[in-house]
Every structure is written in structure tokens, then in C-alpha cells.
Amino acid sequence: MILPQEFYFNDTTSVAKSLLGKVLHIQTTGQEFRARIVETEAYLGVIDPACHTFGNKKTPRTKSMYMDGGHSYVYMIYGMYFCLNFVTRTSEHPEAVLIRGLEPLPSDPDIKKKNIKTNGPGKLCKHYHITKALDGVCLWKKKSPLFVSDDNFKVSAKNIIARPRIGVDYAGEAAAWPLRFYIADNVYVSKK
DNA sequence: AGTGAGATGGCCT
DNA sequence: GGCCATCTCACTA
């Protein structure tokens with residue numbers, strides 16, 4: 001079943017954890033790819049120095065973060081890569097979950113290719129052709145190029161690891177907040 | 001295994 | 001002009 005928009009209205013940390021094990025459907029090139037979400041990070045909006053909307057900052061780039069929960073936020077990083085986020089809560093609370101690791105499912109047309117690389121936010125966007133064109137799309141409609149479903153795959157709480165986020169050392173104390181979540185022992189997690 | 005630099009461009013002040 | 005929510009490759013050892 002497709003996750004309803006309300007799923008994304010919950011607090012961002014809970015959404016980041018709940019997304020582990022869910023299935024992301026990507027329809028960018030005509031064919032449908034499916035992959036299980038195995039690593040996420042929470043970005044807590046106006047109070048989070050690591051978040052693009054820290055201090056309620058509004059810029060052209062972060063426009064979709066000010067949409068209601070259940071939309072995508074895609075931005076370019078380092079001039080070369082894109083990062084995929086799911087916007088959470090409401091437009092008054094511009095928060096999001098970064099998708100950092102995906103495990104391709106057997107239905108993935110590319111599953112037989114060797115060295116498929118979907119561990120890491122830049123790599124997974126490159127592999128699935130996720131670009132700025134997919135910024136601000138809704139995530140709860142079957143016709144959307146991106147949507148998320150629950151196939152009843154269970155992740156037990158003890159298999160959810162919480163660690164500090166990656167690449168946010170500039171954010172002071174917030175760099176140590178344990179807002180990165182991943183499934184224990186999964187090969188498609190970006191770092192150990 | 002661990003460190004460091006380069007690629008590369010939009011965004012922000 | 002400087003900074004990135006990254007990744008790969010080359011280098012040390």
C-alpha cells in the first residue's frame with residue numbers, strides 16, 4: 001500500500017526511522033524501479049544548523065521544503081550530485097528526511113548488473129536518474145515519478161542504528177545529534 | 001586503512 | 001568569492 005500524505009506529517013525523526021524498510025518506487029525513464037530504503041537522515045528545520053532552512057531561511061533552492069509534508073526536495077550538491085529528500089510536517093515547519101541508502105529489489109530492471117551502486121545519496125540519485133526535475137513532486141500518488149509503499153517488510157527496533165549525520169561538521173553541536181538512521185548490517189548503507 | 005585532493009556548478013552573501 | 005547533506009582515485013604505509 002502507498003503511504004498516505006499524513007505519514008509525512010509526523011515528527012521528522014519518527015518519519016526518518018519509519019521510512020527504513022519502506023519501498024521507493026521510481027518512474028523516471030518509463031520503466032519502474034523499486035528499492036528498499038535502508039538509510040536516512042533527519043533534518044530538523046529552523047532549529048537545526050545543519051538544515052538548509054535553519055533560522056527559517058528561505059531561498060529559491062529550498063522552496064519545496066516549505067511545501068506540506070509528502071513532497072520531494074531535490075537539490076544539487078558539489079556541482080555534480082543530487083540529493084533526494086522527503087519533506088515532513090507542514091509548511092510552517094520546513095523539515096525533511098534525506099535518503100542516503102537504497103537496496104535495489106529483484107523487480108529492479110538493473111538488478112542483474114554488477115557493481116550496482118545505490119549506497120550514498122549522490123550515487124543513488126545518479127543511478128535512478130533523480131535530478132532537479134523531480135524536485136517538489138508528491139509522494140503519495142501512484143502516478144507520481146516518486147512514491148513510497150509499505151510491503152509489510154518489518155524492521156525491528158533493535159536493528160535500527162542511530163548515529164551522527166554525515167558531512168555536517170560545520171554545524172557545531174548539531175553535528176553530533178544522532179539523526180542518521182540505518183538498518184544494521186545492510187550492504188547498501190553508505191558507511192560503517 | 002587511512003588521508004588528501006580534484007572534479008564541478010549552483011547557491012548564497 | 002567561498003561554500004557545500006559527495007564520490008573516486010591516488011597516494012602513503
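Proteins come first, then strands; the chains are lettered A, B, ... in the order of their sequence lines, and each starts at number 1. When reading the values below, keep in mind they use all heavy atoms of this one structure, side chains included, and skip hydrogens, waters and symmetry mates.
- Judged by distance alone, with hydrogens and angles left aside, A:Tyr75 brings a side-chain donor or acceptor within reach of the base of C:dA5, the pair sitting under 3.5 Å.
- Side-chain contact check for A:Asn56 versus A:Pro94: some heavy-atom pair is nearer than 4.5 Å.
- Rounded to a whole Å, the NE2 atom of A:His52 is 16 Å from the C1' atom of B:dT13.
- Atom-to-atom, CZ of A:Phe86 to C1' of C:dA5 comes out at 15 Å; the value is rounded to the nearest Å.
- Taken to the nearest 0.5 Å, the CE atom of A:Met65 stands 6.5 Å off from the OH atom of A:Tyr73.
- Across all strands shown, A:Lys57 has heavy atoms under 4.0 Å from sugar-phosphate atoms exclusively, and none from any base.
- Atom P of nucleotide C:dT6 and atom CZ of A:Arg165 are separated by 12 Å, given to the nearest angstrom.
- We find the CZ-NZ distance between A:Phe7 and A:Lys22 to be 5.5 Å, quoted to the nearest 0.5 Å.
- Using a 4.0 Å heavy-atom cutoff across all strands shown, A:Arg61 reaches sugar-phosphate atoms only and no base atom.
- The side chain of A:Lys123 approaches C:dT8 more closely than any other nucleotide in the set B:dG10, C:dT8, B:dC11.
- A stacked arrangement is not assigned to A:Tyr78 and the six-membered base ring of B:dA7, the conditions of a centre distance below 5.5 Å and an interplanar angle below 30° not being jointly met.
- Each of A:Met80 and A:Lys132 was matched to the nucleotide of DNA chain B holding its nearest heavy atom; the match closer to the 5' end belongs to A:Met80.
- Here C:dA5 presents its P atom at 22 Å from CZ of A:Arg163, a figure rounded to the nearest Å.
- One can place CZ of A:Phe82 at 10 Å from P of B:dC11, the figure rounded to the nearest angstrom.
- Pairing of C:dA5, defined by two Watson-Crick or G-U wobble distances under 3.5 Å, is not identified with any nucleotide.
- In this structure, A:Ile77 places its CD1 atom 19 Å from P of B:dG6, rounding to the nearest Å.
- Within the structure, a side-chain polar atom (N or O) of A:Tyr170 is placed less than 4.0 Å from OP1 or OP2 of C:dA5.
- Nucleic acid contact class of A:Gly79 (heavy atoms, under 4.0 Å, all strands): base.
- If you take CD1 of A:Ile166 and P of C:dA5, they are 13 Å apart, rounded to a whole angstrom.
- Ring pair A:Tyr75/A:His52: centre-to-centre distance below 6.0 Å.
- Residues A:Arg36 and A:Glu103 are not paired through a salt bridge, judged by the lack of any N-O separation under 4.0 Å between the basic side chain and the carboxylate.
- A:Glu39 places its CD atom 10 Å from the P atom of C:dT6, with the value rounded to the nearest Å.
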